[in-house]
Colleague: 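Got a structure for you, written out below as C-alpha cells; questions coming shortly.
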Amino acid sequence: MRNDRSFSLHIPEPSARPGGTPDFSHLHLEPAGAARRPVAETPGLEMRDMPYRFIRVLDEAHEAVGPWAPRIEPDMLLRGLRAMMLTRIFDDRLFRAHRQGKTSFYMKSTGEEAIPVAQSLLLGARDMCFPTYRVLGWLMARNYPLIDLVNQIFSNEADPLRGRQLPILYSARDYGFYSLSGNLGSRMSHAVGWAMASAYKGDDSLALAYVGDGTTAEGDFHEALTFASVYRAPVLLCITNNQWAISSFSGFAGAQEAPLASRAIGFGLPGLRVDGNDFLAVWAATQWAVERARANLGPTLIEFVTYRVAGHSTSDDPTKYRPGDEANHFPLGDPVERLKQHLIALGVWDEARHAALTEELDQAVRAAVKQGEAVGTLGESKPPVREMFEHVFATPDWRLIEQRRELGV
Amino acid sequence: MRNDRSFSLHIPEPSARPGGTPDFSHLHLEPAGAARRPVAETPGLEMRDMPYRFIRVLDEAHEAVGPWAPRIEPDMLLRGLRAMMLTRIFDDRLFRAHRQGKTSFYMKSTGEEAIPVAQSLLLGARDMCFPTYRVLGWLMARNYPLIDLVNQIFSNEADPLRGRQLPILYSARDYGFYSLSGNLGSRMSHAVGWAMASAYKGDDSLALAYVGDGTTAEGDFHEALTFASVYRAPVLLCITNNQWAISSFSGFAGAQEAPLASRAIGFGLPGLRVDGNDFLAVWAATQWAVERARANLGPTLIEFVTYRVAGHSTSDDPTKYRPGDEANHFPLGDPVERLKQHLIALGVWDEARHAALTEELDQAVRAAVKQGEAVGTLGESKPPVREMFEHVFATPDWRLIEQRRELGV
Amino acid sequence: MAGETRSMTMIQAINSALDVMLARDPDVLVFGEDVGYFGGVFRATEGLQAKHGLTRCFDTPIAEGGIIGCAIGMGAYGLRPVAEIQFVDYILPAYDQLVSEAARLRYRSGGEFSAPITVRSPYGGGIFGGQTHSQSPEALFAHVTGLKTIIPSNPYDAKGLLIASIEDYDPVIFMEPKRIYNGPFNGRHGEQLRNWAGEPTAQVPEGHYTVPLGKAVIVRAGKDATVLAYGTMVHVAMAGIEESGVDAELIDLRSIVPLDIEAITASVAKTGRCVILHEATRFAGFGGELSALVQERCFWALKAPIARVAGWDTPYPHAFEMDYLPGPGRLAAALARVMED
Amino acid sequence: MAGETRSMTMIQAINSALDVMLARDPDVLVFGEDVGYFGGVFRATEGLQAKHGLTRCFDTPIAEGGIIGCAIGMGAYGLRPVAEIQFVDYILPAYDQLVSEAARLRYRSGGEFSAPITVRSPYGGGIFGGQTHSQSPEALFAHVTGLKTIIPSNPYDAKGLLIASIEDYDPVIFMEPKRIYNGPFNGRHGEQLRNWAGEPTAQVPEGHYTVPLGKAVIVRAGKDATVLAYGTMVHVAMAGIEESGVDAELIDLRSIVPLDIEAITASVAKTGRCVILHEATRFAGFGGELSALVQERCFWALKAPIARVAGWDTPYPHAFEMDYLPGPGRLAAALARVMED
Ligand SMILES: Cc1ncc(C[n+]2csc(CCOP(=O)(O)OP(=O)(O)O)c2C)c(N)n1
Ligand SMILES: Cc1ncc(C[n+]2csc(CCOP(=O)(O)OP(=O)(O)O)c2C)c(N)n1
Ligand SMILES: [Mg+2]
Ligand SMILES: [Mg+2]
C-alpha cells in the first residue's frame, strides 16, 4: 500500500552558475546601523533575534553609524588598513609565484582581509587564534616576518616549519597563531580546550577559532559548540561565510535554510551576523564578544558574511562553477576600499598616501620574495633531510633512529 | 600583562544529588493545550518559538485538550495502552532474568513507553525506525513475537540474531526496526540516507530516528541534521530527553543552556518540544511531522521530554548519582497511568479490565520466558559456533573458511 | 557489452565506470564534496551531473561521517551509492561509520541489513600535497573485517575493479593512487612526466566489464624473487626490478581485502625470496601482514629474510616527499640484499 | 616517594595513579563520560572529584571527538589532560582527532605545539560485552606514527605505566584490559573467578613511581620458544605454556609503541621459535608487525615458522566470545606445532 503523495529528493542549487546573473538577495542584509546592540551581559536566550539581524557600521557615505560603531583611534585604523593591504599584495605576489613554479600550492584570502586583521589587532598577545588557511591577515597585523612566510611557502632550507608542511599551513605560537593543518574543522575543539584550560588556570588568555561556511557541516563544529556552551569557555567561534566551499555554494552547509549564525541559538549562545567586509563592524562585534567572555559569560558565535573573491586555491578555476563577475555583484564591496574611504572621510588619509603605501608594501613583499628566492624555491632548496625524522616524538625511538641511519642522513 | 578579570571554569551540576531534593523547574513546562499548533506547511523559520513551547494534550483531569488534541479511535488508544503495558511487564521480568544470571545484560525503558508505542502505531508498515536501545515499545506495538525477544536476550540457539549481538540490540526489518548497535548516534545519518533514498525513488517510505539527550552531543547528530535539512529528507528526528545519560544529567548535553529542540532552529527546521509521557501529545506531534514530510517539506526535530525511571542498564545503581525518589518528583507522571486514566475518563476502560489485561500480559511474558528458558539461557545454549563465521561478507573469503576449519566447526 | 576500447587515463577510466553504472542501474547514485556541477577536484565525476541529472550525481555538505552514514542508509534501503571522499586523508572523520556501521551491519543484523556501498577516494603520495593529501591508510581498513579494500594501478583495472566494487554486496573502500591518475610514475622524480597513452593497460573498453575483486595479477614473471606491490608502487617496483637486474616476479595485488593468497604463495614457493613494497609507513603497515602470511605459508621455501620497503615511520613530510616515498633505488637495494643470502 | 605498598586490583591501581598525579601536579585534569561524580562505569575515577574538586575531575558531553579535541587544546596550552573514553570501541569517533591532530601536532608545527595527553580506555574482551564493548584496536594506533600505545597486564604495571604516560610529552593511548580489572584471567571460562589478592604484581606502592614506556618484561624465562603477548593474553599465555609443557619464554610487551625490539630479538635469537598471541582479529593485526620484525631480525635463528594465535577475522561475536578469544588450548597447540619442526 502506498500513500497518495510520494517523496522527491531536493538538491540545493546556487542562484547562478557560469553564464547566469549573480543574485545575493537571499543574504537578507540590513543597512548600517540598523541592528540593535544588546549589552554584553544579556542572557543568550534573550538574543535569539540577533542571528537574523546584520551588524554593519560603515554606511554608503563611509561614515561609522549606529549602536555598533566602535571607538577606534585613527592610528589603529591605519594599522588595520596597512595589514589588509599587505595581505592582499602578498597574496597576489605569491599566487604568481605559484604560476612561476616557485611553490607547489597557494591560497588567497582576497576580499576577506578585514576579519583576521581587525581581530588580530583587537586581541591580546596572550590570546590564541586557531586559524584557517584563509586568515593570513592575522599574522600580517602582528608583523610576522614576511621572509618567514616566504620561506615556508617555498619549503626551502630556511622554512620555519622545516619542510614538513604544505605551503601556507603556518604555525606561529609567538604570534598567537596555532598550528594549521589541511583537515577542516578539527581544531575548533582545540580552541575550546585551550579556553577551558585558561579558565581552569584562572588565566586571562582567550581563544578564537575560525571555520569556513562549508566546514560548519563537520561534526567537529557541533562538538566544539557543545563543549564551549556546556563549560562556558572563553572562546570566540567565528564562521567566515565567504559563500563558497571550493565549488559548493553555502547552501550545502545549510545556509539556504537558516543563517549560519543561528546555529548558536540551540546552544543558548549569542549568535551575531556581521558584515565581514566592514573593518569597524568586525571590530565592534569582536569587542562585544570579548567583553562577554571577560565577564565569564562564555562563548559567542559570530558569522562574518564575506565573499571569496579568488578561486579556492591554485588548484581550481572558479569561472568553471560560478559566474565570472559574481564578485562584482556581491553587495558588501571590498573591505580594503571601504576602510580606505572611511579614513579619507575621516580626513586622515588620501589617495596619494594610499598609493605611496601600496608602493612601500609592494617593495617589502618583493624584497621578501627575493630574499626567499635567494635561499631557494620549490625543489631547489630544502631543509636538511634529517628534519624528516625530528619531532615525530619528543625523543625518537629506535625505528626513527634506524631509518634515519638507513637513509644516511 | 594580565587583564584585571581572569576566567574561571564552569562545570554544570544537576539540581540535586543523592540526599538532595529533586527540582525540575528548569524544564519550563506549560499546561496542556497551551502551545499553538501551526499548520504543517508553515516555513521552518516562522516556527522559531516552538522549541520553547511545550506540547501537551492530556490535562490534569485526563481530558485531551487544546489545538494538538488528536482524533484517535479508542481502539487504537487501547492498542497503545496494551503495548505500553506489555513493554513495562516485559522489561521488569527480563530485568529480573538478568539478576538470575539468565542473560548478561538488560536495559529498561520504564517511563518512556509512550514515545515508541505511539509512533510505531502511527507510522506505516513500510516506514523505517532507526531505534535506540530504549524503544522496545516500537516492536511491542507491532506484535513482534515475544519469544524472539527472549531468545535474543538469552543468546540461545534460537536467537534470531544468531548469538552475534549483545542482549536487546535487536534487528527486525519486517517490523520496520533497523539494526541496533552499541554505538550512540551513528545510525541517525542512516535514517537520513534511507529517507533520501526513498525520496530519490519517489517512494513513500519515511524514516524515523531516535537519539537520547546525551547522544545529541555527538557530531553524528549534527551531520544528520545538516544532511536532513539540506536535502529536505522525509525523516523524523526524535530526541528522547529522559534527563539522564547514565550518570550525567542532560546539562552535559547543553540542555541547561537551551532546550534541545531548539537545535532545529539553526537548520531552519521545526523543532517541537513535546510531553513524552503523554501518548496523545506524542501521537499529535508525530502526525504533524509526518504530514509535513508527506508534503515534501522535509524533516522535523522533536524533543520528547520524559524521564528514565530505572537505572541506565543492569550495570549501574542510579541511587549512587541521583536522589532515590527523583522519579516521583518528575512533573510529567507515568505515561501508562496517564493513558489508562484517559481511557477511563473516556469511559472505555476500567480498573478491572486493566487488572485483567495486566494479568494476561504477564502470563504471555512468563510463557515466552519459559519457552526461551526451555531452549536455554546464557551459557546453556547458543547457536551453532559456525554462525560466528557467517555474514561477515556476503560470501566468506579464504580467511574465514580456513579459520572455521581450524576451529573445527 | 564491454564495447569498443579507447585509450583512457586512469581518471577517465574511473569516470567511465561511473558513467556506465549510472546509465545501467537506476539504483546507483554518485555524490561527495564538489562532485556534482564541478565534477570533482580531480575531475572523476566530470560531466556526470549534466548527463545523468541533479539527483544522480550531486554535491554534499563537508561532513565525511554524514556522507558515509547517509550512504549506508541508502545502501540499507536498497540503493548502490558511490560516495567520494575528496582525499583519503579526510576519510578519518568517517572512520567510525565505516568500521562500526558499514563493516558490521550485515553480521550484527543476522543478514537483515547490509551496506553495499562503494567509497572512492584519491590515495597516496607523489603530488606534493603535503601531510593531508598524500597518506596511504590501507592498513587501517585491512584490519577491519567486513570491509573490502581495493587499490588499482592502471586504467583498465581501475574501471573494471570499480564496476565490480559497485556491483559487490559488501562495503568497498576503493582507493585511487592519485599520482598515476594521468600517467604512470616510476618513482624517479627528475624524469619527464609520462602519460597513459601508449600503455597497454590504458586501452579500456567503453562499456561494462569487471575485474574481479580478490585476484592479483603477475605483472612481470620472474624466477629469483617475488615482489609484492599495489597502486603507484607497481610502477616503482617495475623500475626497481629493472635497476636491480634481478629476475624478479612482480605481483600487483590490486585487492588488499580479499587478498589473493594463492597467487602470493605460489610465487614465493617458486622463487624463495620476497620483497614487499608500499608507500604507507612501515610499522604495523600492510606489509607486516603480507610478511607474516608469506613466512607462515612459505617458511621452508624461504632462502632469505622477507624484506619490506615502505614509507618511513614519520608523518608525510612535504618537502621530503621524494626522500620518503620508496623509489626504484630502495627496491633494487632490497632485492640485492635478499639475493645475497 | 613511592611509599608503602598495599594490595590493589588493577582498577584500584589505576585510580591510585590518577589520585597521585592529581595531587602532585595541578596541570593534571581528569575527564570523560561519567567520570566525575559517579566515578566512571568501571570505578576508575571513584572518589577523585570529591577529593580533588569539581574542576579537576569532571563529566563531559558524549562526544568522543570533542573530548579528545579539547584535551589536545588543553595539552597545547600546557596542561596534562587525562581523558577517559568509556570503552575503546567508542574511541573511533575521535580517531581523526588522534591521528590527524594529536599525533601530528608536534611534527607539523616544527615543535611549537604538542599534545601531551593521555587517553585511558577499557579495552579487550572477556566480559560478555558484545561487539562494541570488547574490541582490541591496538593495530589501528600502532600504525599511526606520533602516538604511543600502552597495554598493561597487572596492577603494578598499570599504575607505573599510567603515571609514566601522564608525565610523557607525547600523546599516549593507554588501553586497560577490562577483563583483568578485578582479577587475572587465564582464558578458561569455566574456572572459578580469581582476584588480584595474593598476586605479587598486586603489591602496589601507594605513592608515585613509574614503569618506563617501551620496556617489555620477561614474565617467565624459557629456552625452547618465545611467546609474545600483552594485556589479558599474558595470563592466557602463562596457562597455555603450562598446558603445553614447552619450556617457553613469555614476554609481556606492555608497550606496543615504543616497542622493546631488543627484548624480543634477544629472546627469539636464543629460542629460535616464536608464537605471537593477541585478542584482536588476526588479519593486519599487530601480530603481523611482530611476526615481520622477528622474521627480519632473527631469520637465521628461526627453527620453525613464527606462529600467530589471535581472534578470528570476524566481528566480535557475543555468544561465541569464548570460541573467539584465544585460550590456553590454542596457544598450547601453536607451541606444540612450532616445536614439531
Ligand atoms: C576534513 C576535510 N574534508 C575535506 C577537505 C577538502 N577541502 C579543503 S578546503 C574545502 C572547502 C572548505 O570550504 P569553507 O569551509 O567554506 O572554507 P573556505 O575555503 O571557503 O574559506 C574542502 C572541501 C578537507 N581539507 N578536510
Ligand atoms: C559512541 C558511544 N559513546 C559512549 C557510549 C557509552 N554509553 C552508552 S549509553 C550512554 C548514555 C546515553 O545517554 P542518552 O543518549 O541520554 O540515552 P539514554 O540512555 O538516556 O536513553 C553512554 C555514554 C556508547 N555506547 N557509544
Ligand atoms: Mg567558504
Ligand atoms: Mg538520556
Side-chain angles (χ1 to χ4, degrees), chain A residues 128 130 159-166 169-174 177-183 186-201 203 205 207 209 218-220 222-231 233 235 387 390-395 397-400 402, chain D residues 26-27 29 31 55-56 58-79 81 83 93-94 96-97 99-117 145-148 168-171 213-214 257-262 293:
Chain A
M128 184 61 69
F130 293 73
D159 172 1
L161 299 186
R162 310 181 182 202
R164 299 197 192 121
Q165 272 286 46
L166 198 65
L169 298 185
Y170 315 113
S171 176
R173 187 167 190 138
D174 293 343
F177 193 92
Y178 189 70
S179 160
L180 258 167
S181 172
N183 310 59
S186 46
R187 285 151 320 274
M188 202 173 176
S189 57
H190 302 195
V192 176
W194 178 288
M196 288 172 70
S198 172
Y200 163 71
K201 295 293 273 186
D203 193 359
S205 158
E218 292 282 4
D220 284 326
H222 170 80
E223 300 193 358
L225 275 169
T226 303
F227 279 73
S229 160
V230 163
Y231 300 107
V235 60
E387 283 292 352
E390 302 286 329
H391 284 140
V392 179
F393 294 102
T395 42
D397 67 16
W398 57 269
R399 299 173 299 169
L400 294 161
E402 283 188 9
Chain D
D27 288 341
L29 294 188
F31 50 85
T55 60
R56 302 293 308 283
F58 52 84
D59 285 355
T60 61
I62 303 174
E64 292 74 15
I67 294 171
I68 302 302
C70 285
I72 295 169
M74 292 174 179
Y77 175 93
L79 305 186
D96 185 52
Q97 283 290 345
V99 176
S100 304
E101 295 293 340
R104 314 299 195 210
L105 187 54
R106 183 193 303 281
Y107 191 78
R108 74 174 193 232
S109 70
E112 283 195 331
F113 296 92
S114 65
I117 69 173
T145 194
L147 295 180
K148 293 179 177 171
D168 197 79
Y169 289 87
D170 290 307
L213 310 186
V257 177
L259 183 70
D260 190 347
I261 188 69
E262 276 166 34
L293 285 169

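Side chains included, hydrogens not; waters and symmetry mates left out as well; all remaining heavy atoms used.
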Colleague: Heavy-atom distance under 4.5 Å to chain D: side chain of A/Tyr170, backbone, both or neither?
Modeller: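 The answer is neither part of A/Tyr170.
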Colleague: Only pairs of heavy atoms separated by less than 4.5 Å count here; which of A/Leu169, A/Asp174, A/Val392 has the most with chain D?
Modeller: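 The answer is A/Val392.
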Colleague: Can you tell whether the side chains of A/Asp397 and D/Lys148 come within less than 4.0 Å, N to carboxylate O?
Modeller: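 Answer for the salt bridge query: no.
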Colleague: Chain A heavy atoms under 4.5 Å from D/Ser114: which part of the residue, side chain, backbone, both or neither?
Modeller: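 No part of D/Ser114 comes within 4.5 Å of chain A.
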Colleague: Once you round to the nearest 0.5 Å, how far does CD1 of D/Ile72 lie from CZ of A/Arg187?
Modeller: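 Rounded to the nearest 0.5 Å, the CD1-CZ separation comes out at 10.5 Å.
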Colleague: Minimum heavy-atom separation for D/Leu79 to A/Tyr200, with atom names?
Modeller: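 It is CD1-CD2, 4.0 Å.
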Colleague: At a heavy-atom separation under 4.5 Å, does D/Ile261 approach chain A through its side chain, its backbone, both, or neither?
Modeller: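 Its backbone and side chain both get close to chain A.
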Colleague: At their closest point, which heavy atom of D/Leu259 faces which heavy atom of A/Trp398, and how far apart are they?
Modeller: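 Taking every non-hydrogen atom into account, O-NE1, 2.7 Å.
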Colleague: So which atom in A/Val192 and which in D/Cys70 form the shortest heavy-atom distance, rounded to 0.1 Å?
Modeller: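 Minimum heavy-atom separation between A/Val192 and D/Cys70: CG1-SG, 3.9 Å.
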Colleague: Considering only heavy atoms, which portion of D/Ala71 lies under 4.5 Å from any heavy atom of chain A: side chain, backbone, both, or neither?
Modeller: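 Neither part.
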Colleague: Hey, are the side chains of D/Tyr77 and A/Asp203 touching, using non-hydrogen atoms and a 4.5 Å cut-off?
Modeller: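 They are in side-chain contact.
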Colleague: How far does CD of A/Glu223 sit from CD1 of D/Ile67, to the nearest 0.5 angstrom?
Modeller: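 A/Glu223 atom CD to D/Ile67 atom CD1 measures 8.5 Å (nearest 0.5 Å).
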Colleague: Can you tell which part of D/Leu147 gets under 4.5 Å to a heavy atom of chain A, answering side chain, backbone, both or neither?
Modeller: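 Just its backbone gets close to chain A.
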Colleague: Quick one: what part of A/Met188 sits under 4.5 Å from any heavy atom of chain D, side chain, backbone, both or neither?
Modeller: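 Contact with chain D: none, neither part.
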Colleague: Test A/Ser179 against every option in D/Arg106, D/Arg104, D/Arg108, D/Glu112 by the side-chain hydrogen bond (donor to acceptor under 3.5 Å, both in side chains) rule and name the one that passes.
Modeller: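 That would be D/Arg108; it is the only one of D/Arg106, D/Arg104, D/Arg108, D/Glu112 passing the side-chain hydrogen bond (donor to acceptor under 3.5 Å, both in side chains) with A/Ser179.
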Colleague: Is A/Leu180 close to chain D through its backbone or its side chain, or both, or neither, when contacts mean heavy atoms under 4.5 Å?
Modeller: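 Contact with chain D: backbone only.
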Colleague: Below 4.5 Å from any heavy atom of chain D, which atoms of A/Glu218 appear? Answer side chain, backbone, both or neither.
Modeller: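 Interface part for A/Glu218: neither.
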Colleague: For D/Leu293, which atoms come within 4.5 Å of any heavy atom of chain A: side chain, backbone, both, or neither?
Modeller: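 Side chain of D/Leu293 only, per the 4.5 Å heavy-atom cut-off to chain A.
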Colleague: Which heavy atom in D/Ala76 sits nearest to a heavy atom in A/Tyr178, and how many Å separate them?
Modeller: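 Closest heavy-atom pair between D/Ala76 and A/Tyr178: CB-CE1, 3.7 Å.
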Colleague: Between A/Tyr231 and D/Phe58, is a ring pair (Phe, Tyr, Trp, His ring centres under 6.0 Å) present by the stated rule, with each step listed?
Modeller: CA-CA 11 Å; A/Tyr231 300 107; D/Phe58 52 84; 5.5 Å; yes
Colleague: Might you confirm whether atom CD of D/Glu262 has over 12 heavy atoms from other residues, nucleotides or ligands at distances under 6.0 Å?
Modeller: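 Atom CD in D/Glu262 is not crowded, with 12 or fewer foreign heavy atoms closer than 6.0 Å.
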Colleague: Could you have a look at A/Leu400, A/Asp159, A/Asn183 and say which one has the most heavy-atom pairs with chain D under 4.5 angstrom?
Modeller: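 Greatest number of close heavy-atom pairs with chain D: A/Asn183.
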Colleague: Search all heavy atoms of D/Gly110 against all heavy atoms of A/His391 and return the closest pair with its distance.
Modeller: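 Shortest heavy-atom contact: O-CE1, 3.2 Å.
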Colleague: Quick one: of D/Ala63, D/Pro61, D/Pro26, who has the most non-hydrogen atom pairs under 4.5 Å with chain A?
Modeller: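 With the most close heavy-atom pairs to chain A, the winner is D/Pro61.
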Colleague: Under 4.5 Å from any heavy atom of chain D, what part of A/Arg162 do you find: side chain, backbone, both or neither?
Modeller: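 Only the side chain of A/Arg162 comes within 4.5 Å of chain D.
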Colleague: For chain D, which of A/Ser198, A/Ala224, A/Gly182 has the most heavy-atom pairs under 4.5 Å?
Modeller: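 Greatest number of close heavy-atom pairs with chain D: A/Ser198.
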Colleague: For side-chain contact (heavy atoms from CB on, under 4.5 Å), just list the numbers for D/Phe113 and A/Arg173, CA-CA rounded to whole Å, side-chain angles, deciding distance to a tenth of an Å, and then say yes or no.
Modeller: CA-CA 8 Å; D/Phe113 296 92; A/Arg173 187 167 190 138; 3.4 Å; yes
Colleague: For A/Phe393, is it the side chain, the backbone, both or neither that has a heavy atom under 4.5 Å from a heavy atom of chain D?
Modeller: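 Both backbone and side chain of A/Phe393 come within 4.5 Å of chain D.
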Colleague: Please report the closest heavy-atom contact between A/Ser189 and D/Gln97, naming both atoms and the distance.
Modeller: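 Minimum heavy-atom contact is OG-NE2, 3.5 Å.
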